[in-house]
Amino acid sequence: MIEQDSEIIFNKRVAVDTFLIGLKSPLVAAEARPGQFVMLKVGRGMDPLLRRPFSICGIREENLILILYRIVGQGTRIMCDFRKGESLSVLGPLGSGFEMPHKGDMPILVAGGMGIAPLIFLASIMEPGSFSFFAGFGSAKEVVATDEVGSSGLDLSISTDDGSAGHRGLVTELLENRLAGFDGKTSPVVFACGPLPMLKEVAAITLDGVLSCQVSLEASMACGLGACQGCAIRRSSEQAIAYYHVCQDGPVFDVNVLDWGAL
Amino acid sequence: MIEQDSEIIFNKRVAVDTFLIGLKSPLVAAEARPGQFVMLKVGRGMDPLLRRPFSICGIREENLILILYRIVGQGTRIMCDFRKGESLSVLGPLGSGFEMPHKGDMPILVAGGMGIAPLIFLASIMEPGSFSFFAGFGSAKEVVATDEVGSSGLDLSISTDDGSAGHRGLVTELLENRLAGFDGKTSPVVFACGPLPMLKEVAAITLDGVLSCQVSLEASMACGLGACQGCAIRRSSEQAIAYYHVCQDGPVFDVNVLDWGAL
Amino acid sequence: MVHPDLRVKIGALELKNPVLTASGTFGYGREFSSLIDLDLLGGIVVKGVSLKPREGNPPPRIVETPCGMLNAIGLANVGLESFLKEKLPWLQGLNTAVIVNIYGHTVEEYGAVAAGLSGVKGISAIEVNISCPNVEQGGMAFGTDPDMSAKVTERVVKETDKPVIVKLSPNVTDIRKIAVAAADAGADALSLTNTLTGMAIDIERRVPKLANISGGLSGPAIRPVSLFMVHQVVRAVKIPVIGVGGIVDYRDALEFLIAGARAIQIGTANFVDPRASLDIIEGLRIFCQDKGIDRIEDVIGTLKI
Amino acid sequence: MVHPDLRVKIGALELKNPVLTASGTFGYGREFSSLIDLDLLGGIVVKGVSLKPREGNPPPRIVETPCGMLNAIGLANVGLESFLKEKLPWLQGLNTAVIVNIYGHTVEEYGAVAAGLSGVKGISAIEVNISCPNVEQGGMAFGTDPDMSAKVTERVVKETDKPVIVKLSPNVTDIRKIAVAAADAGADALSLTNTLTGMAIDIERRVPKLANISGGLSGPAIRPVSLFMVHQVVRAVKIPVIGVGGIVDYRDALEFLIAGARAIQIGTANFVDPRASLDIIEGLRIFCQDKGIDRIEDVIGTLKI
Ligand SMILES: Cc1cc2nc3c(=O)[nH]c(=O)nc-3n(C[C@H](O)[C@H](O)[C@H](O)COP(=O)(O)OP(=O)(O)OC[C@H]3O[C@@H](n4cnc5c(N)ncnc54)[C@H](O)[C@@H]3O)c2cc1C
Ligand SMILES: Cc1cc2nc3c(=O)[nH]c(=O)nc-3n(C[C@H](O)[C@H](O)[C@H](O)COP(=O)(O)OP(=O)(O)OC[C@H]3O[C@@H](n4cnc5c(N)ncnc54)[C@H](O)[C@@H]3O)c2cc1C
Ligand SMILES: Cc1cc2nc3c(=O)[nH]c(=O)nc-3n(C[C@H](O)[C@H](O)[C@H](O)COP(=O)(O)O)c2cc1C
Ligand SMILES: Cc1cc2nc3c(=O)[nH]c(=O)nc-3n(C[C@H](O)[C@H](O)[C@H](O)COP(=O)(O)O)c2cc1C
Ligand code: FES
Ligand code: FES
């Protein structure tokens, strides 16, 4: 883990309100594993004050980290104006990352919206064709083309809420369809990232089916280091300390360890 | 007086840490007189919060206002990164402006550092050759070339503290030399803007010689409109209300009306 | 969609919308009149008026701080007489509520200013600033002591026929005590908060940045503090509460309204953007339209806890 | 130019420089150990320790505000026993002052935690957080009442051989009263301020943004308030004062030192920039060098008023 000023190599629009930024951060890039994230200092003054967490979406040319982000508020609005040549403080890589699938597992990646970011990174280090990848978006104009984000050749099944691209409906429906097709020879292992309602549905499906599943969660964060205890999330089991910290114990969790009712 | 978002037409470096910004602000430009100023909103977030006051340095092509500024802190550091095409909220023109010299007067313009800005505007509307213009800087690299700021042909006598350009010494020495040369046929009228110590010296010289003199002052400002009473400055006379407000009663004052001892 | 109704009532005081400009940040209204249409405002609270003119503190009087500013204007104002003669006539020409902020150094002075404004046409209400030093009591501020707050309130209420809004200081251990004291003493409404006391130091010259040493902190920086106090006071008193402190856009305004404030005041934001109050009114209108809310009153006090 | 001497003394406590990390913002130090060399710090104040482990408040626990943040962590911590067993040994390996922040729900609990830390190697001082709710007294915070502040201080001082720093809340009418009470009760030093109480509301869902409703405001937004209180307290007590609140760079640190604080703590800035405290130490060093100041002690309390 390191904190370093990183040069912006590019910052391009890849879908509506969606950008891909490439940051020259060799030390972060060297350590990063899929599911880990970075905290970016986006404000020039002290407003906004806190860093913003973003999943690492990929590594390019050994020293570049890629971040896929959507404009949702003050910080991301500032980010989209950043230009090549400017620099940015990157803190990372942070968090635990995904546990890689075992041989013989059949990985299924399920993304909602920007939740696609860590899964693109995960997919990039897996054998092409050895997994399924489902990604849901609001509509066609939000769909992130994988070759735009440097993952050309990635075989992605899309769903959109309005049917303007791919399957009309929820991405969890694609997951359910896929699971229905399993024959019992390979064991499906699910990797999911996206908005909370989607993750809850994925949790319900996988807990119900007693399937292995890892979810990547979000929480408001101040430090990203496990120091402030701001990013608490309720554990499922009854123990002395009832909370995990998303930044340190996560952001990737086994679906079994969380208290989904409290989320 | 108006508040309007104004497009940045250019923002170029004209000396060390010194920039000239051109803002497309037709309504402000139409009203502006030399000595008046504008308040610029420089922060994108709320830090820095308040607008920054800048003298109008000139009007170009009817709708462009020019601002000459030096990087001294957070706000001006943000400004120098602004690029053509971006826009900025301009509030102005504010304040009283210079009272124009009468026929037969011999205007002497005395500038220290960025104090040159309002005087360039003043000079631009006077008959070439009908006045003297002295400008003091720290050193040669701080000297603003007048043709860089769109006032080519302006006949300027320079002083620098270190003698690296023009007269070595204070700009007030140039003023004193010039005053010594007066024959009594024309009456010198002084227009001065610059750092406080320089203005105090100009005040001492002109009060002593009973010369007409207008100075343009600075003060911390919040509103620029005469509403907050933040920019108070002590009057010389003893009256019920002991303060002027720089933003509204000034920034240009007759040298006689101020309490120079309290400044 | 119908045009949402933005009118609110603060007791007897009816406002065309809940957005007022805060005392000391909007002069006597006129300073902003060439920039915005003042008649669109819910109302204007003018700069604090005292019995006699006051010159205010020596400069520097203001300094910027992170997301805020400190001011030590020292309540500079033209005094009651000049206010009535020189400032009020122009204000009377406006079609918006004019609220006169007053203060004094003694209970008697407060009473005298209130009496002087009583019965005067074109004044919708009196706002009593109790956050200034009480010379009689050895420099303690009226607004930090429940008994003194009650005394001032009582006197002002007695001396005037106008609705009386008491403006509270946030520099207290428990603002609810002061709020209850003022309410029990007859205040028609409360406004809160005034500024938090703060300081800044010039490290080069090793002097306070304000000639007055300390000043009042305002602006977005204090918003969470003011909002919490409004939340507390709304639950402690029965009279209407007006929220003030760090509001810069309609979302901030909504936070106060949802917490239970029946109106809000815009202070420092006027400096940052002279159109701030009008933009907030427009923002509230659009918010209501988008959500299908007919009356802004239906938003007030809807916090779920 | 010689290397300026940055050492300061807080009573019996000697620090290699005046820069400490503030409780709750730096975990148990270890969280930052791969990012910065902790041995360069003046000291580390660890997260508040209570007698029993505490799980803390439900999320959301933090929310950003203009130039600041609200937190309602709820004093989540591993408890005294685990602290001694699991956290302290690692801290003992550091070459910097380790100050343990403590709190309790009763005077007795404070005493018990202090007793448990007494005589333990590797603990330089105890910082007593008196800004948490006092259950015994019906929810009022110890830190807002001079008598209760004195009682807690007395008890902690009695139970421990370590220097005792009492950490004051800014949510009071006159912080000098609490400061004097704590000093008279035997505190070796004071640190101030803790967070200002504040709130933020989610206007879409009309709920408080924090599950706990209110939280503590920290960060640059509060700096002017903390600085003014330090200024006041330094002039009211004879014991050393440690300044805390919104410090993000060496210039901010200097404001507190010039006002009279003998050391400072860095809180929220650690989140913004994990190197903040080291940059501040470096900034102080360069400032002294540039000005020809031999010892940082010569800067402390040099405010001209
Ligand atoms: C571990 C982690 C990884 C993330 N990875 C990505 C990523 O790869 N790409 C991406 O675009 N975003 C990602 N996010 C979310 C991202 O951090 C937020 O979108 C960003 O902080 C918003 O900043 P802002 O200033 O633009 O919005 P703000 O002005 O702070 O907030 C605007 C709106 O967004 C909501 N919001 C803010 N932060 C979050 C959050 N953390 N979770 C949910 N809602 C939030 C706010 O409640 C508010 O309604 C990640 C978050 C976490 C915790
Ligand atoms: C009427 C008027 C006209 C002006 N015209 C010009 C102009 O044409 N060109 C130009 O470059 N500047 C001009 N100034 C000064 C300009 O407003 C400040 O330089 C600017 O506000 C600094 O902003 P900042 O955020 O960069 O500095 P800050 O971070 O606010 O301050 C940095 C340092 O500069 C000092 N400083 C800040 N504002 C002032 C001020 N108003 N006067 C003196 N010192 C100050 C501060 O004390 C601090 O030491 C004018 C000021 C006034 C009042
Ligand atoms: C420059 C200035 C002058 C002020 N003068 C007064 C005043 O005369 N009377 C008063 O009650 N409040 C006064 N205030 C306080 C404001 O009315 C308001 O309560 C405070 O600034 C908080 O709101 P804000 O954060 O929106 O500015 C003044 C504030 C500022 C910034
Ligand atoms: C997330 C967080 C947790 C905190 N926990 C504690 C604590 O356990 N004990 C304590 O005395 N202060 C605690 N504080 C207060 C800080 O130590 C400090 O007094 C306050 O944040 C002001 O300083 P700052 O503005 O530099 O952050 C906490 C602050 C934050 C932001
Ligand atoms: S963000 Fe600070 S502990 Fe997780
Ligand atoms: S800056 Fe507000 S009155 Fe001059």
**OP:** Please indicate whether D:E81 has more than 12 foreign heavy atoms, meaning atoms of other residues, nucleotides or ligands, lying under 6.0 Å from its CD.
**Re:** no
**OP:** Can you measure from CD1 (D:I62) to SG (A:C223) and round to the nearest 0.5 angstrom?
**Re:** 8.0 Å
Original post:
What distance separates D:M69 CE from A:C228 SG, expressed to the nearest 0.5 Å?
Top reply: 6.0 Å
Original post:
By a 4.5 Å heavy-atom criterion (distance strictly below it), what part of D:K47 contacts chain A: side chain, backbone, both, or neither?
Top reply: side chain
**OP:** With a 4.5 angstrom heavy-atom cut-off, could you sort out which part of A:M221 is near chain D: side chain, backbone, both or neither?
**Re:** backbone
Original post:
If you round to the nearest 0.5 Å, how far is NZ of A:K41 from CG of D:D273?
Top reply: 9.0 Å
Subject >> Min side-chain heavy-atom separation A:Y243-D:E55 under 4.5 Å >> reply: yes
**OP:** Side chain from CB out, backbone as N, CA, C, O: work out which of these in D:V248 comes under 4.5 Å of a heavy atom of chain A, or both, or neither.
**Re:** side chain
Original post:
Of the listed residues (D:T25, D:N71, D:I73), which shares the most heavy-atom pairs with chain A below a 4.5 Å separation?
Top reply: D:I73
Original post:
Measuring heavy-atom distances to chain D, does A:S89 have an atom under 4.5 Å in its side chain, in its backbone, in both, or in neither?
Top reply: neither
Original post:
Donor-acceptor pair, D:E64 side chain versus A:L49 backbone, under 3.5 Å?
Top reply: yes
Original post:
Of the listed residues (D:P60, D:G56, D:P59), which shares the most heavy-atom pairs with chain A below a 4.5 Å separation?
Top reply: D:P59
Subject >> Residue part contacting chain D, namely of A:I2, when any heavy atom lies under 4.5 Å >> reply: backbone
**OP:** Quick one: closest heavy-atom pair of A:A232 and D:R61, and the distance?
**Re:** CB-CZ, 3.3 Å
Subject >> Residue A:E31 excluded, over 12 heavy atoms near CD under 6.0 Å >> reply: yes
Original post:
What residue in A:G224, A:G43, A:G45, A:P48 has the most heavy-atom pairs under 4.5 Å with chain D?
Top reply: A:P48
**OP:** Inspect the surroundings of CZ in D:R285 and state if more than 12 heavy atoms from other residues, nucleotides or ligands are less than 6.0 Å away.
**Re:** yes
**OP:** Would you mind telling me which of A:D47, A:L91, A:L225, A:I233 has the largest number of heavy-atom pairs within less than 4.5 Å of chain D?
**Re:** A:L225
**OP:** To the nearest 0.5 angstrom, please state how far the CD atom of A:Q229 sits from the CG atom of D:N57.
**Re:** 11.5 Å
Original post:
What part of D:N270 gets closer than 4.5 Å to chain A, counting heavy atoms only: side chain, backbone, both or neither?
Top reply: neither
Subject >> Whether over 12 other heavy atoms sit under 6.0 Å from D:K87 NZ >> reply: yes
